[in-house]
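Input: one structure, supplied below.
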Protein chains: 2
Amino acid sequence: MLHVAEAARVSVATVSALINGTATVSPELSARIEQAIRDIGYKRNAIARSLKMGTTRTIGLTVPHITNPFFTDVVSVIQQAFDRAGYAVMLCCTDEDLNTQDDQIRLLLDRMVDGLIVARVGDGAILKRIVADANVPVVLMDRLCEGVDTDAVVLDNQRAVFDAMSYLINLGHRRIGYITGTSDISPMHDRMTGYREALQAAGLPVAEELVRSGNFHEIDGYNATMQLLSLHDRPSAIFSANNPMVIGTMKAIRDIGLSCPEDISVACFDDFPWSDVFQPQLTTVAQPVQAIGEQAANLLLDRLAGNRDAPPRMLVLKGRLMIRNSCRPLGAVVHSVSA
Amino acid sequence: MLHVAEAARVSVATVSALINGTATVSPELSARIEQAIRDIGYKRNAIARSLKMGTTRTIGLTVPHITNPFFTDVVSVIQQAFDRAGYAVMLCCTDEDLNTQDDQIRLLLDRMVDGLIVARVGDGAILKRIVADANVPVVLMDRLCEGVDTDAVVLDNQRAVFDAMSYLINLGHRRIGYITGTSDISPMHDRMTGYREALQAAGLPVAEELVRSGNFHEIDGYNATMQLLSLHDRPSAIFSANNPMVIGTMKAIRDIGLSCPEDISVACFDDFPWSDVFQPQLTTVAQPVQAIGEQAANLLLDRLAGNRDAPPRMLVLKGRLMIRNSCRPLGAVVHSVSA
DNA sequence: TTGTACGCGTTATCAT
DNA sequence: ATGATAACGCGTACAA
């Protein structure tokens with residue numbers, strides 16, 4: 001900018017005034033300055049500007065896994081929203097690891113991000129302290145965090161699973177396997193509650209042997225399903241509370257020589273982009289990914305726009321049961337090995 | 001830092017020296033400083049550091065669509081690699097739009113990213129100028145850019161499609177529909193060449209009516225497939241050169257009342273994470289996403305580590321034909337409506 | 001309308 | 001070993 005000022009024979013203040021429109025500059029000088037800007041190929045240095053202004057127009061976004069289609073979609077929506085608003089977004093994947101998450105949030109804070117959207121991982125204690133120390137607005141997404149009292153957008157997980165389970169129960173299923181995540185994050189907790197309540201509401205027992213947990217990955221779903229299918233009195237249906245794990249469930253069913261939905265019904269949380277093109281078409285609980293992403297972005301953009309003192313807002317969205325053909329009425333089940 | 005220096009009754013230079021280990025400071029002062037750091041809760045400001053050092057330890061990454069599973073996976077791998085190296089990554093999605101891409105790259109450059117990985121979009125002219133002006137290392141990924149002579153990692157697209165087409169031809173297919181992307185980016189061009197050459201090598205004609213183009217989205221694949229299936233002498237197989245578009249292909253086949261592979265064979269570029277769990281299991285050309293991401297990251301990290309003068313390096317990786325059950329020998333095709 | 005001077009938080013240079 | 005100070009590039013009072 002100094003070079004520009006010199007080339008245009010004006011002061012840097014005038015150049016700045018012109019660029020930011022913060023004061024009116026005479027046409028002659030404007031022309032000279034703009035010419036100089038072109039000649040030099042001047043580009044404003046956003047880093048210097050950030051240091052001076054105390055704002056980076058950058059936000060941080062952390063999710064457990066970007067390859068989980070749910071997060072892929074939400075990240076995409078959030079990215080677009082902030083792109084429109086002139087913000088850059090720094091993306092971090094915590095891989096469900098607590099230390100990684102802490103490091104990444106610190107990294108983002110050091111870089112003076114103006115705000116944070118986080119789908120947290122693990123215990124919230126450190127996140128809580130970090131958030132309290134740093135003076136940036138934080139929006140929690142997908143997963144709440146006890147003690148962190150801030151904006152959040154989540155799903156009514158309990159209700160969503162309750163509905164899905166009720167659907168299975170109405171189909172006649174009485175022994176329904178349930179695969180959950182190991183870590184006690186709020187969605188897993190709430191979904192499990194939905195599972196229990198649906199069974200109880202139907203007067204069915206909650207058999208602990210039917211509940212398995214895994215670490216969110218495909219292989220964990222595979223192992224959990226193998227255990228369920230090895231049970232003496234194996235379940236007639238399986239509900240997976242996590243999207244990647246249901247792939248493992250399907251593979252286990254295939255490897256053990258069964259087929260879905262003929263031998264076993266399957267439903268899961270989170271929709272697939274192409275759920276209705278391939279067979280079986282999985283019955284899923286679809287989250288409103290578009291709305292979740294947009295609301296999270298709006299919540300943060302609102303704080304960024306200056307609305308700092310409003311009390312924390314929590315948005316609870318509803319899931320939608322997408323009934324397809326991966327679940328069969330129990331009475332009509334035909335074993336493929338039958339003669 | 002000034003506060004820390006005051007609280008510890010030393011100069012800022014000493015604080016800096018201690019933090020960065022750039023000079024030895026006496027145990028007494030070290031203790032005082034560390035105590036002050038804890039008391040104040042001091043965190044180093046990465047922005048100020050960047051301004052001074054001229055490096056942000058941040059890279060920019062732009063892809064057309066993060067929801068395309070290919071890019072999802074590659075982004076994930078790249079993100080992990082830079083995370084390990086202590087870099088943050090700013091993610092941008094261009095949505096196949098040229099202006100968006102230019103804006104985003106400028107945004108990233110303004111923010112002084114240390115390097116750029118870009119899966120480019122559209123004409124390379126502006127990208128070329130931007131890259132030339134800015135003095136940051138750039139790695140091209142997936143898509144080359146004429147006139148931009150820089151590091152790159154791409155697939156041998158021509159060969160990959162040639163192999164896939166040869167497979168279909170060996171199966172007895174003679175009329176093979178081909179769905180490509182509209183924009184003339186290098187992969188689309190090379191894949192089309194592979195299509196043509198495979199037909200020619202087999203002594204088959206290249207019927208222009210069998211080649212349709214779309215704008216990379218599902219709906220475009222749907223429309224293109226509808227057109228292909230409306231042909232008087234409709235193709236017995238369809239190859240989609242893009243992953244999202246093949247979903248449209250499958251939906252069109254379903255909507256028109258046909259089924260795959262019984263009535264029509266389908267193959268496509270890019271593998272799905274769960275290709276082998278659902279039916280039909282699509283035969284695909286799988287890209288080595290892990291290697292692509294890692295190599296792109298390594299190329300850039302190498303430049304970042306100081307190796308600026310080495311001549312541009314281009315890595316060409318090989319695709320792998322994943323033969324599943326979505327393609328049938330032509331002679332054995334049985335129409336599902338037959339009695 | 002335009003210019004001067006200062007500060008944002010760091011790091012590096014050079015005295016001491 | 002430690003401290004004073006300049007500089008990174010920008011925005012902005014304040015003065016002219």
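In what follows, every chain begins at residue 1, and chains take the letters A, B, ... in the order their sequences are listed.
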- Task: Would you mind reading off the distance between R32(B) atom CZ and dA1(D) atom P, rounded to a whole angstrom?
- Result: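 It is 16 Å, rounded to the nearest whole Å.
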- Message: Using five pairs at each end of the helix from dG3(C)-dC14(D) to dT16(C)-dA1(D) to define an axis, what is the angle between those two axes, to 10°?
- Response: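 Comparing the first five pairs with the last five, the axes sit 50° apart.
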- Quick one: is the NZ or CZ of R143(B) closer than 6.0 Å to the six-membered ring centre of F216(B), and within 45° of its axis? yes
- Query: Any side-chain N or O of S50(A) less than 4.0 Å from the OP1 or OP2 oxygen of dC10(D)?
  - Reply: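 For dC10(D), OP1/OP2 do not have a side-chain N/O of S50(A) under 4.0 Å.
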- Message: I need the CD-P distance between E6(B) and dA4(D), as an integer number of Å.
- Response: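 In whole Å, dA4(D) P lies 12 Å from E6(B) CD.
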- Task: Determine whether the side chains of S16(A) and N20(A) contain a donor N or O and an acceptor N or O closer than 3.5 Å.
- Result: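 Indeed, the side chains of S16(A) and N20(A) share at least one donor-acceptor pair under 3.5 Å.
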- In whole angstrom, give me the gap between the P atoms of dG11(D) and dA15(D). 22 Å
- Message: Given 3.5 Å as the limit, does a donor-acceptor pair link the side chain of D114(A) with the main chain of T56(A), or not?
- Response: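 The answer is yes, because a donor-acceptor pair under 3.5 Å joins these two groups.
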- Message: Checking the side chain of T150(A) only, and the main-chain atoms of V139(A) only, is there a donor and an acceptor separated by less than 3.5 Å?
- Response: no
- Would you classify T24(A) as touching base, sugar-phosphate or nothing, given that sugar-phosphate means primed atoms plus P, OP1 and OP2, and contacts are heavy atoms under 4.0 Å?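 Sugar-phosphate, no base atom in range.
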- With a 3.5 Å cut-off and no angle check, do the side chains of N215(B) and E96(B) form a donor-acceptor pair?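 Side-chain D/A pair, N215(B) to E96(B): absent.
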- Nucleotide-resolved protein contact map, nucleotides 8-16 of chain C, B/S/- at heavy-atom distance under 4.0 Å: BBBBB----
- Message: Any donor-acceptor pair under 3.5 Å linking the side-chain atoms of R308(A) with those of N135(A)?
- Response: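 Checked: N135(A)/R308(A) side chains show no N/O donor-acceptor pair below 3.5 Å.
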- Query: Under 3.5 Å, side chain of Q101(B) to main-chain N/O of V121(B), donor-acceptor pair present?
  - Reply: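 Looks like yes, one N/O pair under 3.5 Å.
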- Message: Main chain of T100(A), side chain of T94(A): is a donor-acceptor contact present, judged purely on distance under 3.5 Å?
- Response: no
- Checking all strands, does L29(A) fall into the base, sugar-phosphate, or nothing category for heavy-atom contacts under 4.0 angstrom? sugar-phosphate
- Message: Checking side-chain polar atoms at under 3.5 Å, does R303(A) have a donor or acceptor matched by the opposite partner on N298(A)?
- Response: no
- Under a 4.0 Å heavy-atom cut-off, which of residues 102-112 of chain A touch DNA chain C? none
- Is the phosphate of dT2(D), meaning OP1 or OP2, less than 4.0 Å from a side-chain N or O of S11(B)?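 It does not, given that no N or O in the side chain of S11(B) lies less than 4.0 Å from OP1 or OP2 of dT2(D).
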